[in-house]
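Working notes, structure below.
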Amino acid sequence: MSNYSIVSLIRNAFSHHEHWGRAWRDPAPKPAYDVVIIGGGGHGLATAYYLAKEHGITNVAVLEKGWLGGGNTGRNTTILRSNYLWDESAALYEKSLQLYEGLSQDLNYNTMVSQRGVLNLAHNLHDVRESVRRVNALRLNGIDSEWLTREQVKEFCPAINISPDVRYPITGGTLQRRGGTARHDAVAWGFARAASARGVDIIQNCEVTGLRRVGGKVVGVETSRGYIQAGKVGVVAAGHSSVVAGMADLRLPLESHPLQALVSEPIKPVLDCVVMSNAVHVYVSQSDKGELVIGAGIDSYNSYAQRGSFHVIEHQIGPLLELFPIFSRLRLLRHWAGIVDTCPDASPIISKTPVENLFINCGWGTGGFKATPGSGWVFAHTIARNEPHALNAPFSLDRFTSGYLIDEHGAAAVAH
Amino acid sequence: MLLIHCPWCGPRDEIEFAYGGEAHRVRPADPSALSDAEWADFLFLRANPKGVHRERWVHAHGCRRWFNVERHTVTHEILRVYPPGAAAEPDAAVAEAQPPQASQQGVRS
């Protein structure tokens with residue numbers, strides 16, 4: 001793998017950029033690996049990368065049934081933030097945000113991390129109290145956070161409507177300046193390229209159809225490209241986690257739902273931050289291409305269909321136009337859905353399982369993108385050491401039995 | 001968008017309904033006798049099939065009554081609508097209680 005630099009850019013310019021080498025190898029699956037990761041999204045690829053980088057485990061395969069980052073990694077609204085209320089969540093998401101801050105250099109791949117600020121709006125007195133409490137809690141955890149008054153919100157984000165004559169007037173907001181966005185595909189591709197360079201085999205179009213067990217231990221995976229023996233298996237299958245875990249007769253506290261998002265036609269720069277509102281429920285940012293990237297909540301019903309109902313889109317566009325009346329004449333370009341694995345406490349599961357050698361990283365629900373590097377980092381530790389890191393120890397599968405839930409439903413700044 | 005056949009009001013748009021999750025969850029008969037693992041199962045573990053799912057819906061903006069729906073989670077096709085309390089597996093009694101067209105409601109979003 002050649003290093004990407006100004007020199008390589010100039011060198012390739014002489015050949016009209018027609019001879020760039022492929023970013024990652026495309027090997028056929030070997031008969032056996034030390035670790036097999038099921039799922040070639042951002043979290044799975046990050047896990048493989050940190051297994052190789054931090055733990056020296058390079059005999060690793062990432063199996064992806066489609067193409068890399070074609071699931072939720074390519075379907076999210078690319079928001080980065082770490083403003084979670086509870087200590088456990090704050091530590092985990094902050095670790096991830098810190099990894100994002102150095103990710104382009106670490107991977108030698110431009111992940112286009114843009115710390116443009118994430119604004120979470122308040123709309124009433126209760127929101128104000130909750131928000132100020134959150135600012136204080138975040139600061140106690142060493143995470144940057146500020147309270148903005150209504151006028152300061154307008155100053156920070158001039159396109160927003162702070163008129164009191166609307167149904168849900170803006171009364172202020174919290175701001176995490178280190179939050180922002182990243183290029184979601186680049187995160188997947190960057191991890192894939194860096195992992196591949198360290199010896200990880202990335203195998204696309206390879207669907208796992210079964211988990212082979214001997215005496216309560218997982219010993220390998222059946223795939224559409226044949227049986228692959230595995231010392232350890234990590235499941236990072238997002239919306240399909242229940243399906244894969246079911247292959248080992250493991251039941252998970254997950255429900256899969258569609259989460260819809262959409263983009264507008266591209267326009268000139270109008271919004272230079274991320275705006276989220278929990279009360280009216282929409283979040284929006286503007287991509288470097290100029291499209292407004294808009295998201296909100298899940299469809300209520302269980303689904304694996306990667307599409308949702310139209311009224312859910314209506315309910316995110318309504319709030320968007322209340323916050324930004326100037327967007328009312330924009331046309332929408334595309335809309336889509338990803339299948340998110342929601343957990344009862346809205347926190348992820350990054351854990352060993354009752355099945356030996358089987359590890360699971362799931363339950364990220366609607367908020368996994370921001371956690372991609374951190375999730376991979378702690379999951380790699382869990383797989384390599386056979387025990388969780390201090391950061392993910394609270395996010396174990398047995399918390400549903402012990403009752404030690406990390407209830408971010410009420411605590412998250414917005415429905416992730 | 002789903003077109004859901006309420007057993008009492010007929011076919012109505014999804015926006016009139018609220019979703020109630022997996023059907024046929026039975027409250028424990030003797031709660032104090034349950035172990036932590038059994039409580040975890042009752043409270044948190046849910047069927048999450050990629051395929052046919054039996055689930056509850058309530059006609060929140062209509063007759064406000066609950067009922068069960070059998071729906072495919074990939075096609076969103078509604079295969080069967082049946083009253084609360086009816087057995088999960090269809091039998092003659094359930095088929096009679098069903099609205100006549102319910103089984104033909106091939107509904108896709």
Side-chain angles (χ1 to χ4, degrees), chain A residues 65 207 237-247 249-258 260 297-315 335 337 339-347 349 354 362-363 365 396-405 407, chain B residues 1-5 11-25 28 31 34-61 66-79 81 105-109:
Chain A
K65 71 174 174 181
E207 181 171 1
H240 281 72
S241 296
S242 300
V243 176
V244 179
M247 295 171 187
D249 299 319
L250 182 65
R251 294 177 72 208
L252 297 173
L254 298 177
E255 287 189 298
S256 297
H257 291 268
Q260 302 189 65
I298 57 172
D299 278 68
S300 66
Y301 48 74
N302 291 39
S303 172
Y304 287 84
Q306 291 189 327
R307 64 178 184 276
S309 294
F310 186 72
H311 67 92
V312 175
I313 292 175
E314 194 179 349
H315 287 165
H335 69 94
I339 298 303
V340 298
D341 42 334
T342 59
C343 225
D345 60 355
S347 289
I349 299 165
C362 64
S396 69
L397 192 53
D398 61 19
R399 74 176 186 267
F400 297 95
T401 310
S402 69
Y404 186 15
L405 303 181
D407 189 6
Chain B
M1 189 75 86
L2 305 180
L3 182 66
I4 300 172
H5 198 114
R12 298 296 180 97
D13 193 288
E14 180 196 336
I15 57 170
E16 294 187 13
F17 297 86
Y19 182 63
E22 186 187 354
H24 306 294
R25 302 286 304 177
L34 258 54
S35 68
D36 288 350
E38 287 167 329
W39 267 120
D41 187 296
F42 174 70
L43 291 172
F44 302 122
L45 297 188
R46 291 290 178 270
N48 189 23
K50 186 177 186 178
V52 176
H53 189 229
R54 293 187 178 116
E55 59 199 23
R56 297 179 307 151
W57 288 82
V58 60
H59 196 181
H61 300 288
W66 286 89
F67 56 96
N68 295 327
V69 170
E70 200 173 273
R71 185 180 58 89
H72 199 285
T73 59
V74 178
T75 64
H76 292 175
E77 185 175 4
I78 293 178
L79 303 164
V81 175
Q105 293 296 314
V107 179
R108 287 159 203 280
S109 70

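All chains are named by letter (A, B, ...) in the order of the sequence lines, taking the proteins before the strands, and each is independently numbered beginning at 1. Computed from a predicted model, the values in this text were never measured in an experiment.
- Residue Ala18(B): no heavy atom, backbone or side chain, is found under 4.5 Å from chain A.
- Ranking Ala47(B), Gly21(B), Pro49(B), Gly20(B) against chain A, the residue ahead of the rest is Pro49(B), based on heavy-atom pairs under 4.5 Å.
- Between His240(A) and Lys50(B) the shortest heavy-atom distance is NE2-NZ, 2.8 Å.
- Neither the backbone nor the side chain of Asp13(B) has a heavy atom closer than 4.5 Å to any heavy atom of chain A.
- In terms of heavy atoms, Glu255(A) sits closest to Glu22(B) at OE2-N, 4.5 Å.
- Heavy-atom distances place no part of Ile313(A) under 4.5 Å from chain B, backbone and side chain included.
- Between atom CG of residue Asn302(A) and atom CZ of residue Arg54(B) there is a gap of 14.0 Å, rounded to the nearest 0.5 Å.
- Of all the listed residues (Val74(B), Leu45(B), Asp36(B), Ile15(B)), the one sharing the greatest number of non-hydrogen pairs under 4.5 Å with chain A is Leu45(B).
- Residue Asn48(B) holds its CG atom at 3.5 Å from OH of Tyr304(A), rounded to the nearest 0.5 Å.
- Between Tyr301(A) and Tyr19(B), the ring-plane angle classifies as perpendicular under the 30° and 60° cut-offs.
- Across all their heavy atoms, His76(B) and Ser303(A) have their closest contact at NE2-OG, 2.6 Å.
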